[in-house]
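Below is one structure, written out as structure tokens; comments come after it.
This structure is a prediction, so every number in the text was calculated from the model and none was measured. Remember, it's 1-based here, ligands and their atoms both numbered in the order they're listed.
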Amino acid sequence: MCGIIGVTGAADALDILLDGLERLEYRGYDSAGIALIDNQEIYRVRVADGTHSVATLRSSTANAPSVASTGIGHTRWATHGKPNEGNAHPHVDCAGHLALIHNGIIENYQELATTLVGQGHTIISATDTEVLAHLIEECLKSAATLPEAVRAALTMVRGAFAIGVIELSDPELIVAARKISPLIVGISGDASFLASDIPALLERTRDLMVIEDDQIVELRPGSIVVSDLDGKVVTPKPLHVMWDVEAAQKDGFDDFMTKEINEQPRVIADTLRGRITDQGAIILDQLNLSDDVLRSITNVTIVACGSSYHSGLVAKLAIERAARVAVEVDIASEYRYRDPVVSATTLVIGISQSGETIDTLQALRKAKALGGHVVVVSNVVDSSMAREADGVLYTRAGPEISVASTKAVVAQMVVLELFALHFATLRGTMTPDNVAQEISDLVGLEDAVATTLARDPAVAAVAKELIDARDFFFLGRHAGFPTALEGALKLKEISYLHAEGYAGGELKHGPLAVIEPGCIVVAIATGGEMREKILSNVSEVKARGATVVMLAEDGDSNAASLADYLLLVPATSPIVSPIKDIVPLQQLAYHLAVARGLDVDRPRNLAKTVTVE
Ligand code: F6R
């Protein structure tokens, strides 16, 4: 998730780039950079200053050439390579004649880099992006124009991208292209613009055009020509924007939480992108644990806090089932103060969206000091945990702004399921056919979650009926248990209602005593052999007067017949079901909080990153 912007034909090109980048910071903010064409040279400035990157870029460009009218800019949320100046965009080719910005993930960048190095190119950064600059430079040797070279280069690229390229031989031209990652363009007077997102351009124009997949754009002062990969000119879809900047930053949603919930299909696809080869092999390139070390592992401990802990509970089921290794999951603030048993064959996995949560960081330090192998699941490249761990599994959710974690949790579960399958393959505990089937179940989640999201009005209607409820019990078993815990946590943190998650089997061991008319029981009755047992629990709570919200799969008439309210999700393999089942529970929490007039993005008393005990 990065923000890109480009402009040509504007006397105040630098200001346009900097203002646009300021409005794109919510997409990424670990570093930022610009490149302008000035008098037969590329003037490039890049800085890595965390949340201050764009402000620092502004002060660092105080002496920029004032006459430059063509330029590109980028604000980065790292996916490949640390967030430092060298990895910041724009990237340039060997000759320094061409500069390029990119949002997305290039899946085959290592393959391309090997070929390009063989052809004499020097690749400096650790990004997946820089290869594109060299690939286009290489294609320019046989192509007559920059658009031709970009078109030729893109036929060799696999992955997701929105790019903008400038080159000295045609100083008023920007060539842009899109596959999967968003790209819009617009014109105002003599100036033509491109950007990843609407907020970047709103101050300049509200009349935009949406670029589709596999389209190439030539931007010149006051003119934009869009063509397909074969060079055929096409008419882009117009878009007139009525939103203000704040609404545009939220993609037109009312708040960041809804935006982030709705990003989950994209997040699933991005987290899997480039990690499964065409032959079905799993590549986790920053795991940094040799196959031999992984084969030698005798036990796994997962440490995390809050929602990340719930992802750990889902991962335990996946790893134990797939790789047949014992897994314990511990709350990091408990683990760090106990006397855990760790050996040279223990794998300790820390899970953290931020990579900075103090308890998880300290728990991992302890595990490392005791001689364990430490791997971190982090959404932030080069976070404290990522720096200190032996290996990292990055989630690719992009910046999560709402305090309540949604898309990052889903991404954690996805990457850990993939890790479980990788681990199982190495240990020979699953057949290749079973691994292939489960990979396809994971890939299918993108659609299942999209279908679930489209049912939001039905969830909103249930929330409306429950507006006066004060006590919620979420019941689940097996994979439904972590889902129940996470559903309850989401509800309590943003709606301030009393909510508890329980394993269904525990009901008779205490909680049943408090069930009475007025209690809402949310039953996770999806997938797997435990569904029937949850339905028995549902009968027990109904007999005591509880109102039941049933989360069930399409076509499950038994579950539907026991429900007072029904939340339906598409059927998937039970193994991956928590990843989609959590979605309607996020929506339920959201609608209840909104109905109570609360600020869902900034719940009281809570911070996004907990760096103190
Ligand atoms: C809940 C939530 C928190 C975090 C927890 C850990 O919605 O966001 O419970 O999951 O504070 O944070 P990270 O994952 O950054 O370590």
What's the shortest distance from atom 7 (O) of ligand 1 to any protein heavy atom, and which residue and atom give it?
E493 OE2, 2.5 Å

Ligand 1 versus K490, non-hydrogen atoms closer than 4.0 Å: side chain, backbone, both, neither?
side chain

Counting only nitrogen or oxygen atoms and a 3.5 angstrom limit, does Q412 reach ligand 1?
no

Starting from atom 11 (O) of ligand 1, find the nearest protein heavy-atom neighbour and note its residue, name and distance.
V610 CG2, 4.2 Å

Under 3.5 Å, side chain of R46 to main-chain N/O of G86, donor-acceptor pair present?
yes

Side chain or backbone, does K608 bring an N or O within less than 3.5 Å of an N or O on ligand 1?
no

Atom 15 (O) of ligand 1 - nearest protein heavy atom and its distance:
S354 OG, 2.7 Å

Side chains of residues 411-419: which donor-acceptor pairs under 3.5 Å do they make with residues two or more places apart or in other chains?
| unit_1 | atom_1 | unit_2 | atom_2 | d |
| --- | --- | --- | --- | --- |
| Q412 | OE1 | S311 | OG | 2.7 |
| Q412 | NE2 | S308 | OG | 3.1 |

Straight-line distance of W243 CH2 to D251 CG, nearest 0.5 Å
6.0 Å

So for V403 against ligand 1, with non-hydrogen atoms under 4.0 Å, the contacting part is backbone

Using the ring of Y496 (Phe, Tyr or Trp, six-membered ring only), decide whether R604 places NZ or CZ under 6.0 Å from its centre and within 45 degrees of its axis.
yes

What side-chain hydrogen bond (donor to acceptor under 3.5 Å, both in side chains) pairs are there with at least one residue in residues 74-83, not counting sequence neighbours?
H74-H89

S383, S307, C305: member with heavy atom nearest to atom 1 (C) of ligand 1
S307

